[in-house]
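Residue numbering restarts at 1 for every chain, and letters A, B, ... go by the order of the sequence lines.
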Protein chains: 2
Amino acid sequence: MTVSRVLRNRGDVSDATRARVLEAAKRLGYVPNKIAGALASSRVNLVAVVIPSLSNQVFPEVMTGITSVLDDTPLQPVVGVTNYLPEREEAVLYEMLSWRPTGVIIAGLEHTEAAIAMLRGAGIPVVEVMDVDGAPVDSVVGISHRRAGRMMAQEILQAGYRRIGFMGTKMPLDHRARKRFEGFTDALAKAGVEIADRQFYSGGSGIAKGREMTEAMLNRTPDLDFIYYSNDMIGAGGLLHCMTHGIDVPGRIGLAGFNGMEIVDGFPLRLATMDSCRLEIGREAARIIAEHADAAGTPGAGAGERIELQPTLSLGDTLRRG
Amino acid sequence: MTVSRVLRNRGDVSDATRARVLEAAKRLGYVPNKIAGALASSRVNLVAVVIPSLSNQVFPEVMTGITSVLDDTPLQPVVGVTNYLPEREEAVLYEMLSWRPTGVIIAGLEHTEAAIAMLRGAGIPVVEVMDVDGAPVDSVVGISHRRAGRMMAQEILQAGYRRIGFMGTKMPLDHRARKRFEGFTDALAKAGVEIADRQFYSGGSGIAKGREMTEAMLNRTPDLDFIYYSNDMIGAGGLLHCMTHGIDVPGRIGLAGFNGMEIVDGFPLRLATMDSCRLEIGREAARIIAEHADAAGTPGAGAGERIELQPTLSLGDTLRRG
DNA sequence: ATGAAAGCGCTAACAG
DNA sequence: CTGTTAGCGCTTTCAT
């Protein structure tokens with residue numbers, strides 16, 4: 001009836017009635033039932049966001065990018081967390097799709113077959129984010145982690161370092177970290193250099209862990225002249241170890257991390273790192289969904305965009321110039 | 001019809017039919033429409049979580065606590081971010097309530113009148129989290145920030161520090177930080193001590209900011225013998241400044257932060273801090289909602305629990321023993 | 001153990 | 001401009 005029109009500012013309604021309805025709604029503390037509305041209109045202003053974790057700083061930042069764009073639209077993000085488990089991802093995705101969202105933003109390109117089938121069949125725009133090394137279902141926005149690994153390797157080699165160690169999480173399911181590692185070792189191999197030491201750890205990536213492990217690695221392989229960390233947090237830990245033990249960085253040993261996190265700017269010596277463009281990734285992904293929101297539900301709802309962002313490498317103070 | 005029964009494992013269905021239905025569902029890639037389901041059953045397995053920000057580490061951790069409990073239930077969290085703006089909070093809340101969630105977890109005790117009215121009228125369990133200093137709508141789980149500020153002040157005084165500085169964000173809307181500050185200055189006042197210097201900054205709480213501001217404050221008020229930071233991030237920055245400038249901590253100057261964040265354990269000198277129990281807060285809040293999920297919608301849906309957690313103070317290495 | 005029928009609270013077309 | 005009428009895709013209840 002008319003009430004519906006008023007509440008949605010649609011159709012022609014006289015100011016008098018409008019006022020009357022509004023007043024009544026406020027007085028009754030009326031909150032419309034979106035469930036019924038969505039069912040009737042088959043329009044749901046929700047965007048499903050599926051990410052592996054909230055503990056890893058990186059994802060909240062992607063979320064921030066997403067939110068900043070969606071805030072100017074009627075769309076609202078809904079977050080699902082998978083803990084890096086493919087089966088959780090499948091379950092979370094199923095759950096979210098059953099609410100018939102306007103679009104999906106999902107981290108990574110690796111999903112179970114069932115998950116891919118669901119994404120394909122959903123008939124809504126899908127944006128896979130963070131990574132571009134693989135075959136997307138629909139749109140994709142991210143960086144090439146393989147390339148990022150290669151770039152860092154080249155920079156390190158060019159600076160003259162040769163006894164290079166690597167430190168990263170033992171997460172076979174963190175495909176992006178794996179791809180960086182692969183790109184890194186590939187580029188080294190091309191120059192005839194092999195990783196001199198490596199350490200894969202499990203559990204969170206804290207500064208404390210970076211300190212301990214760096215100390216251990218340096219004890220084990222004293223002639224290392226570089227350590228590449230799979231993220232800035234453990235990298236910061238390594239840097240802290242060197243700083244407090246009077247180890248000359250980047251002279252005696254060079255260090256580099258990954259992500260371009262805020263913490264890097266906090267240290268008196270800035271860790272070499274590579275920006276992973278996560279704010280931008282979130283923004284672009286949200287933009288794609290927003291632009292194709294109307295298409296949701298219609299055949300060919302996808303956007304099929306492919307946006308590869310270019311991470312910038314910053315040498316900071318821990319990687320001497322080549 | 002029967003299909004519905006199979007998909008929800010309800011009622012008696014013969015194994016043969018069940019198998020047939022399941023097979024067909026899989027083959028067609030059928031995803032049930034929860035919108036219709038929710039409308040028909042007026043049961044929605046969503047828990048609205050309303051928080052001020054995702055950039056502030058603290059909230060993702062609360063989320064992690066919430067998720068860890070809800071994962072064992074059919075309930076799913078849905079996050080809304082308010083950016084510390086009361087009007088955004090109101091809008092986000094309205095939006096979320098219109099989906100008729102099973103419960104609401106919302107940060108803080110300060111809300112607009114309209115928001116409070118909505119929470120009251122929603123007829124579902126509401127848990128206000130993080131803070132217990134105030135009047136809750138229904139349940140509340142958190143710590144007393146006023147008390148936390150007082151405790152830290154007492155500890156500092158007892159250790160013999162007298163020229164005390166304070167550093168915190170300039171956010172009139174961050175009520176918890178404000179309450180800590182009030183508790184802190186109150187306790188000092190009781191001992192006849194006044195804050196010797198203070199600095200309220202705007203923008204994010206980075207380590208870099210902590211370094212700069214500590215340097216500035218120390219230049220401005222050279223005889224300070226203690227700085228209390230409103231969070232561990234800027235505290236870590238301050239500590240870093242002291243470490244790299246050969247300032248004796250905790251002899252020449254003592255330092256303390258707040259939150260008990262992971263970064264504290266990463267430094268060779270552990271910052272004095274106070275655990276804000278955020279994982280536990282998330283868990284308890286989720287538990288309350290889960291336990292009262294069935295009551296949602298019925299009159300008297302609230303749980304009315306009040307859980308005040310006790311933050312533990314750790315002196316670390318930057319606050320000498322009293 | 002299965003089918004049929006009546007809504008859930010809205011929106012979308014159409015009449016007045 | 002405002003009221004009426006069908007559904008949206010499920011769950012629920014009641015028959016069979």
Side-chain angles (χ1 to χ4, degrees), chain A residues 1-46 74-76 94-102 118 121-124 293-294 296-299 301, chain B residues 1-46 74-76 94-102 118 121-124 293-294 296-299 301:
Chain A
M1 45 157 82
T2 322
V3 177
S4 171
R5 282 193 270 259
V6 173
L7 265 21
R8 290 178 301 137
N9 293 311
R10 308 254 284 189
D12 304 310
V13 185
S14 76
D15 287 352
T17 0
R18 153 163 291 134
R20 231 157 27 89
V21 172
L22 253 27
E23 191 277 327
K26 178 159 297 173
R27 192 163 41 72
L28 274 339
Y30 173 79
V31 177
N33 186 331
K34 290 233 176 202
I35 302 176
L39 183 57
S41 66
S42 57
R43 235 185 290 285
V44 181
N45 58 348
L46 258 26
L75 298 169
Q76 249 228 333
Y94 183 80
E95 182 73 16
M96 307 211 100
L97 288 181
S98 69
W99 287 99
R100 302 288 186 269
T102 292
M118 277 191 263
I124 55 178
D294 319 314
T298 66
Chain B
M1 44 159 89
T2 321
V3 176
S4 169
R5 281 193 269 259
V6 173
L7 264 22
R8 291 177 303 136
N9 293 311
R10 308 255 285 188
D12 303 311
V13 184
S14 76
D15 286 354
T17 356
R18 152 163 293 133
R20 232 159 25 90
V21 173
L22 252 28
E23 191 277 328
K26 179 158 298 172
R27 192 164 39 71
L28 303 186
Y30 172 79
V31 177
N33 186 330
K34 289 234 176 201
I35 302 176
L39 183 58
S41 67
S42 56
R43 234 185 290 284
V44 181
N45 58 348
L46 259 26
L75 265 25
Q76 250 226 336
Y94 183 80
E95 181 73 16
M96 307 210 102
L97 288 181
S98 69
W99 287 99
R100 301 291 187 269
T102 292
M118 278 192 260
I124 55 178
D294 319 315
T298 66

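- Rounded to a whole Å, the CG atom of A/L39 is 7 Å from the P atom of D/dG9.
- You'll find the side chain of B/E95 reaches within 4.5 Å of the side chain of A/K34, heavy atoms only.
- For the pair B/S98 (side chain) and A/N33 (backbone), a donor-acceptor distance under 3.5 Å is absent.
- For C/dA1, neither phosphate oxygen OP1 nor OP2 lies less than 4.0 angstrom from any side-chain nitrogen or oxygen of B/R18.
- An OP1 or OP2 oxygen of D/dT2 is reached within less than 4.0 angstrom by a side-chain nitrogen or oxygen of A/S14.
- The terminal axes of the helix from C/dA1-D/dT16 to C/dG16-D/dC1, fitted over 5 pairs per end, subtend an angle of 40° to the nearest 10°.
- Side chain of A/S41, nearest nucleotide from C/dC10, C/dC8, C/dA12: C/dA12.
- At whole-Å resolution of the value, CG in B/N33 and P in C/dG9 are 17 Å apart.
- Counting heavy atoms from C-beta outward, B/V44 and A/W99 have side chains that approach closer than 4.5 Å.
- In this structure, B/Y30 does not reach the D/dG9 phosphate: none of its side-chain N or O atoms is under 4.0 Å from OP1 or OP2.
- For A/T17, taking side-chain heavy atoms from C-beta onward, the closest of the listed nucleotides D/dC10, D/dC1, D/dT11 is D/dC1.
- Distance A/I35 CD1 to D/dG7 P: 23 Å, rounded to the nearest Å.
- A/R43 places its CZ atom 22 Å from the P atom of C/dG9, with the value rounded to the nearest Å.
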